[in-house]
Amino acid sequence: NGIIPASRFDPVAVKLAGRFPLPNGPNGQYIKQVSTPTETDTIMGKGDYDVRSGDRSSVRYFIDDPGTSNAFGGGNIDGYAPSRSRDRAQNIVVNHIHTFTPSLVLNARFGWTRFLYSDENLVNLTLADFGSKFTVSGPPGSLPSLGIVGRMTAAAAKDGIRRSRTHETAGDLSWFRGKHELKFGVAILRQQYGSKQTGTGYGDFSFDGSVTKNSLSDYFLGTAALFSQQDFRDNDARYWSTGLYLQDSWRATRRLTLNF
């Protein structure tokens with residue numbers, strides 16, 4: 001008669017379904033729009049100081065730190081596994097100009113830039129909390145990703161952080177001689193990129209109706225068509241780069257300037 005007895009339902013699936021909202025669409029789908037508020041703090045400042053005649057220093061600082069709350073987590077139903085993300089950017093630049101003579105000027109600078117992006121699940125329940133023997137592959141733990149074809153996707157965000165840092169030291173020497181402006185420069189960069197992320201460490205299950213011809217029925221029976229799980233990912237890359245340049249701006253005529 002096409003009816004599956006409740007006794008055949010997977011008990012973990014039944015408990016987990018308690019976090020699903022009821023369908024509100026004519027075809028059994030769930031559709032909802034929820035605001036995604038963003039709060040941000042931004043600070044920007046700059047200071048200049050004349051050390052003495054021919055020497056000027058300046059410092060510039062900038063930080064932008066927005067945070068966003070997401071009721072849907074990594075899926076398309078709200079309330080299953082809400083999350084919060086942050087996307088901080090910071091930068092500081094120290095600059096010093098030294099004038100040896102009116103025709104010889106040195107510009108030295110140091111810069112530091114950092115980007116930090118993070119995703120944090122606000123629900124740290126795992127399948128084990130619903131009676132399963134499933135083990136997550138890394139901390140802090142959250143709900144699995146459930147893809148029920150034609151119905152919904154319930155998923156926690158991928159807990160983790162991505163960060164990058166750049167240190168820059170550079171200098172430019174300008175020499176004005178007759179119709180020529182000669183510039184010499186060097187830049188040294190130290191860059192670092194790192195990420196710590198759970199990926200599919202909490203379990204990724206797909207139900208497509210391949211068993212009962214109904215994806216939601218497959219879910220309640222606990223018969224996934226596809227399953228994947230990753231280990232906790234921890235990447236750290238660092239490298240140096242150096243650049244040199246030589247430039248000549250020659251004012252050949254009043255209307256013609258050549259750059260080499």
Quiz item: For I77 and K32, what are the C-alpha separation, side-chain angles and deciding distance, and is it a side chain to side chain contact (heavy atoms under 4.5 Å, CB included)?
Solution: CA-CA 8 Å; I77 61 171; K32 188 174 182 179; over 6 Å; no
Practice problem: Apply side chain to side chain contact (heavy atoms under 4.5 Å, CB included) to D159 and Y202, showing your working. | Solution: CA-CA 10 Å; D159 275 307; Y202 305 150; 2.8 Å; yes
Self-check item: Worked check of side chain to side chain contact (heavy atoms under 4.5 Å, CB included) between Y80 and M152
Solution: CA-CA 11 Å; Y80 175 76; M152 64 181 186; over 6 Å; no
Exercise. Evaluate the criterion side chain to side chain contact (heavy atoms under 4.5 Å, CB included) for residue pair R165 and R190; output intermediate values, then yes/no.
Key: CA-CA 8 Å; R165 295 187 182 92; R190 180 180 183 272; over 6 Å; no
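The shortest side-chain heavy-atom distance between R60 and S58 does not fall under the 4.5 Å cut-off.
Using a 4.0 Å cut-off between charged side-chain N and carboxylate O, R56 and D48 make no salt bridge.
By the 30° and 60° cut-offs, the orientation of the rings of H98 relative to F100 is perpendicular. Ring orientation note: the planes of Y219 and F20 are tilted relative to one another, at an angle of 30° to 60°.
Pairing each heavy atom of P102 with each of F176, the nearest pair is O-CD1, 4.3 Å.
Listed for the S142 side chain is a donor-acceptor partner under 3.5 Å among the backbone atoms of V123. Side-chain atoms of N124 come within 3.5 Å of backbone N or O of G141 as a donor-acceptor pair. The main-chain N or O of T200 is found under 3.5 Å from a side-chain atom of Q230 such that the two form a donor-acceptor pair. In this structure a side-chain-to-backbone donor-acceptor pair under 3.5 Å is missing from N235 to S195. For Q229 (side chain) and T135 (main-chain N/O), a donor-acceptor pair under 3.5 Å exists by modelled atom type. Between the side chain of T223 and the backbone N or O of D218, at least one donor-acceptor pair lies under 3.5 Å. With hydrogens and angles disregarded, no donor-acceptor distance shorter than 3.5 Å links the side chain of S35 to the backbone of P37. For the pair N121 (side chain) and A157 (backbone), a donor-acceptor distance under 3.5 Å is present. At distances below 3.5 Å, not a single donor-acceptor pair connects side-chain atoms of Q192 with backbone N or O atoms of S164. Using modelled atom types, no side-chain atom of S57 and backbone atom of Y49 make a donor-acceptor pair closer than 3.5 Å.
Side-chain contact annotation: S137 with D231, donor-acceptor N/O pair under 3.5 Å absent. Side chain to side chain, N107 and D172 fail the donor-acceptor criterion of an N or O pair below 3.5 Å. A donor atom on one side chain and an acceptor atom on the other are found under 3.5 Å apart for D208 and S210. Between the side chains of T36 and N70, no donor-acceptor pair of N or O atoms lies under 3.5 Å. No side-chain donor-acceptor contact under 3.5 Å links T257 and R251.
Note that the CG atom of N91 and the OH atom of Y61 stand 9.0 Å from one another [nearest 0.5 Å].
No more than 12 heavy atoms of other residues, nucleotides or ligands lie within 6.0 Å of OH in Y239, so this atom counts as exposed by the packing criterion.
In this structure F110 satisfies the ring-ring contact (aromatic ring centres under 6.0 Å, His included) test with no other residue, sequence neighbours excluded.
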